[in-house]
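Report on the structure given below.
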Amino acid sequence: MIAMWPVLFSLALSADQVVSEIAADEVVVFYPTYAHRTTEEKSWVLHVHGRIFEPEEDSLKRAALLGMMRRSFGLSKQEESTATFKERMRAFLVDNEGNKTIHIRLGESVFRAGKSGPNGHFSSDLVLSNEQVAAIQASTKENGRTLRFTAIVPADDGREFAGQVELIERRGLSVISDVDDTIKISEVANRRALLANTFLREYKPVPGMPALYQRWENVDARFHYVSASPWQLYHPIANFLAAEKFPAGSLHMKMFRLHDRSALALLATQHKYKPEVIAKILSDFPERRFVLVGDSGEQDPEIYGELARRHPEQVARILIRHVGAREGSELRYQAAFKEIPPERWQVFTDPEEILGVR
């Protein structure tokens, strides 16, 4: 018999017990996350993730960092001066605030959302009973699929920093999607084009992909977007997803600090990052069916193939958008999807070619 560990519910605090550590010149951003049920289905685990920082506006430090980024990327001074470049770089040029404890209000209750690290990020897993979740939904008049919360700020601070968690049931269909060159045109294989598409140009969708994802949303699929871009590009990517009417979902990006590495390192992929993120999602939802969507520009076929072999009962389909030349690609795909039934994976160039998953 397998021993069952007791569920440790998160402690609700009184607002009077909490002293907000968010200063007037600091900003908190919450990222879209999800919640999953515990094994016995009597409670929910809510993942909360955010970042606290102080913006750097028009300082000498900001100008020096912008110049360093321009030189690292090989951009001209004219390109550096564009509004798009400055806006995309804004989140890289901040003072991250470490050692800050963040509290949030969920309905009428207050919970500890974590303490920030040197990179300003904080996170926590809150375990709430079904009754607590129902009470929060009733008090906030939520739609049944999300829980909205706000950060506790000082009494004399009129700002609101809000976030939300999507409630996802144990069973159903989920889509785990790459972003660059899968749903957003990035041209990862061309370094100069990638830089321009990331920092200088308006983000554009891969034709047909918004409509495909909307069809999946219409059959109640849930979505997880896994990007190799750093969290500093969260707002541009989130705005792109909303503007192009991609379904809402959790967003997963990689950690990066300019002080840790060179500017060019932020464009490098992390081969370990994506498998670990996806494996965690699969672990949280052992009874859901998953469609993994990616592209051939980097390692998506190999990563998805290995995940499908490890989780054959969960990964229902792999869809790979082919980019670049076709020469030699068939051998690559056969190797990547070895031992996976051919009806469970498909390579496409136009979303209209996709069969069986509508």
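This is a predicted model, so every value here is computed, not measured.
- Gly107 approaches Ser139 most closely through the heavy-atom pair CA-OG, 3.4 Å.
- Note on Tyr304: it does not cluster hydrophobically with Val323, by side-chain heavy-atom contacts below 4.5 Å among ILVMFWY residues.
- Heavy-atom neighbours of Gln78 CD from other residues, nucleotides or ligands within 6.0 Å: at or below the threshold of 12.
- Counting only distance, with no hydrogens or angles, the side chain of Arg88 and the backbone of Arg201 share a donor-acceptor pair below 3.5 Å.
- In terms of heavy atoms, Pro205 sits closest to Pro210 at CB-CG, 4.0 Å.
- To the nearest 0.5 Å, the span separating CD on Gln137 from CG on Leu147 amounts to 5.5 Å.
- Not a single donor-acceptor pair under 3.5 Å links the side chain of His36 to the backbone N or O of Thr38.
- For the pair Leu126/Ile104, a side-chain contact is recorded, criterion being any heavy-atom separation below 4.5 Å from C-beta on.
- The NE2 atom of His121 sits 5.0 Å away from the NE2 atom of His49 when rounded to the nearest 0.5 Å.
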Worked check of side-chain contact (heavy atoms from CB on, under 4.5 Å) between Arg159 and Val153: CA-CA 8 Å; Arg159 298 174 300 167; Val153 297; 5.6 Å; no
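- Summarising the geometry of Arg90 relative to Val94, their closest heavy-atom pair is O-CG1, 3.4 Å, with the distance given to 0.1 Å.
- The 12-atom threshold is exceeded at CD of Gln214, counting heavy atoms of other residues, nucleotides or ligands nearer than 6.0 Å.
- Contact check for Ile168 versus Asp284: no side-chain heavy atoms found under the 4.5 Å cut-off.
- Ala134 is linked by a side chain to side chain contact (heavy atoms under 4.5 Å, CB included) to nothing, counting only residues two or more places apart in sequence or in another chain.
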Result block: side-chain N/O donor-acceptor pairs under 3.5 angstrom for residues 235-249, not counting sequence neighbours:
| unit_1 | atom_1 | unit_2 | atom_2 | d |
| --- | --- | --- | --- | --- |
| Asn239 | ND2 | His235 | O | 3.1 |

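- Between the side chain of Glu353 and the backbone N or O of Thr349, at least one donor-acceptor pair lies under 3.5 Å.
- Inter-residue side-chain proximity for Val293 and Trp216 is flagged as met; some heavy-atom pair is nearer than 4.5 Å.
- Glu187 places no side-chain N or O within donor-acceptor distance of the main-chain N or O of Asn197, the cut-off being under 3.5 Å.
- Of all non-hydrogen atoms in Ser124 and Ala113, the two that sit nearest each other are OG-O, 3.2 Å.
- Distance alone, capped at 3.5 Å, is enough to place a donor-acceptor pair between the Asp300 side chain and the Asp295 backbone.
- Atom CD of Glu160 is surrounded by more than 12 heavy atoms from other residues, nucleotides or ligands within 6.0 Å.
- In this structure, the side chains of Glu21 and Ile102 stay at 4.5 Å or more apart for every pair of heavy atoms.
- Of the inter-residue distances, the one linking Leu331 atom CG with Gln334 atom CD reads 8.0 Å to the nearest 0.5 angstrom.
- Looking only at side-chain heavy atoms (C-beta outward), Asp95 and Glu26 stay at 4.5 Å or farther from each other.
- Residues passing the salt bridge (Lys or Arg N to Asp or Glu O under 4.0 Å) test with Glu166 are Arg145, Arg222, sequence neighbours excluded.
- Under the salt bridge (Lys or Arg N to Asp or Glu O under 4.0 Å) criterion, Asp180 pairs with Lys184, sequence neighbours left out.
- In this view, Phe53 satisfies the ring-ring contact (aromatic ring centres under 6.0 Å, His included) rule with no residue, not counting sequence neighbours.
- Taking Asp25 as the reference, Ala23, Glu54 meet the side chain to side chain contact (heavy atoms under 4.5 Å, CB included) condition, with sequence neighbours excluded.
- Considering only heavy atoms from C-beta on, Leu307 stays 4.5 Å or farther from Phe290 through its side chain.
- Aromatic ring pairs are classed by plane angle as parallel below 30°, tilted from 30° to 60° and perpendicular above 60°; the pair Trp231 and Tyr234 is tilted.
- Within a 6.0 Å sphere centred on CZ of Arg310, heavy atoms belonging to other residues, nucleotides or ligands number 12 at most.
- Using a distance-only test at 3.5 Å, with no hydrogens or angles considered, a donor-acceptor pair links the side chain of Tyr273 to the main chain of Met253.
- Not one N or O on the side chain of Ser186 forms a donor-acceptor pair closer than 3.5 Å with the backbone of Val188.
- For Gln232 (side chain) and Phe256 (main-chain N/O), a donor-acceptor pair under 3.5 Å exists by modelled atom type.
- Residues that satisfy the salt bridge (Lys or Arg N to Asp or Glu O under 4.0 Å) test with Glu79, not counting sequence neighbours, are Arg192.
- Checking side-chain atoms of Thr101 against main-chain N and O of Lys115 turns up no donor-acceptor pair under 3.5 Å.
- Counting only heavy atoms from C-beta outward, the side chains of Arg105 and Ile152 approach each other to under 4.5 Å.
- Summarising the geometry of Tyr203 relative to Thr198, their closest heavy-atom pair is OH-O, 3.0 Å, with the distance given to 0.1 Å.
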Given side chain to side chain donor-acceptor pair (under 3.5 Å), test His252 with Ser250 step by step and report yes or no. CA-CA 7 Å; His252 310 262; Ser250 65; 2.8 Å; yes
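- Relative orientation of the Phe285 and Tyr34 rings is tilted, given thresholds of 30° and 60° on the angle between their planes.
- When the ring-ring contact (aromatic ring centres under 6.0 Å, His included) test is applied to Trp44, no partner is found at least two apart in sequence or on another chain.
- To the nearest 0.5 Å, the span separating CG on Leu46 from CZ on Phe111 amounts to 8.5 Å.
- Between the side chain of Asp157 and the backbone N or O of Ala24, no donor-acceptor pair lies under 3.5 Å.
- Evaluation of the salt bridge (Lys or Arg N to Asp or Glu O under 4.0 Å) test over residues 332-351, restricted to residues two or more places apart or in two chains, returns Glu302-Arg332.
- Between Glu287 and Arg170 there is a salt bridge, since at least one side-chain N of the basic residue sits less than 4.0 Å from a carboxylate O of the acidic one.
- Taking both residues in full, the closest heavy atoms of Glu298 and Pro301 are given as O-CD, 4.1 Å, listed atom of the first, atom of the second, then distance.
- To the nearest 0.5 Å, the span separating CG on Leu195 from CG on Leu200 amounts to 7.5 Å.
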Go through the steps for Asn119 and Arg51 under the test side chain to side chain donor-acceptor pair (under 3.5 Å), then give the verdict. CA-CA 8 Å; Asn119 61 3; Arg51 182 184 181 207; over 6 Å; no
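- Applying the ring-ring contact (aromatic ring centres under 6.0 Å, His included) criterion to Phe223, with sequence neighbours excluded, gives Tyr213.
- Here the NZ-CD1 distance, from Lys100 to Ile52, works out to 5.5 Å after rounding to the nearest 0.5 Å.
- Under a cutoff of 6.0 Å and an axis angle of 45°, Arg148 and Phe30 do not form a cation-pi pair.
- At a threshold of 4.5 Å between non-hydrogen side-chain atoms, the residues Trp345 and Ile320 do not count as touching.
- Residues passing the ring-ring contact (aromatic ring centres under 6.0 Å, His included) test with His103: none are found, sequence neighbours excluded.
- A search for side-chain hydrogen bond (donor to acceptor under 3.5 Å, both in side chains) contacts involving Asp178 returns Thr182, Lys274, not counting sequence neighbours.
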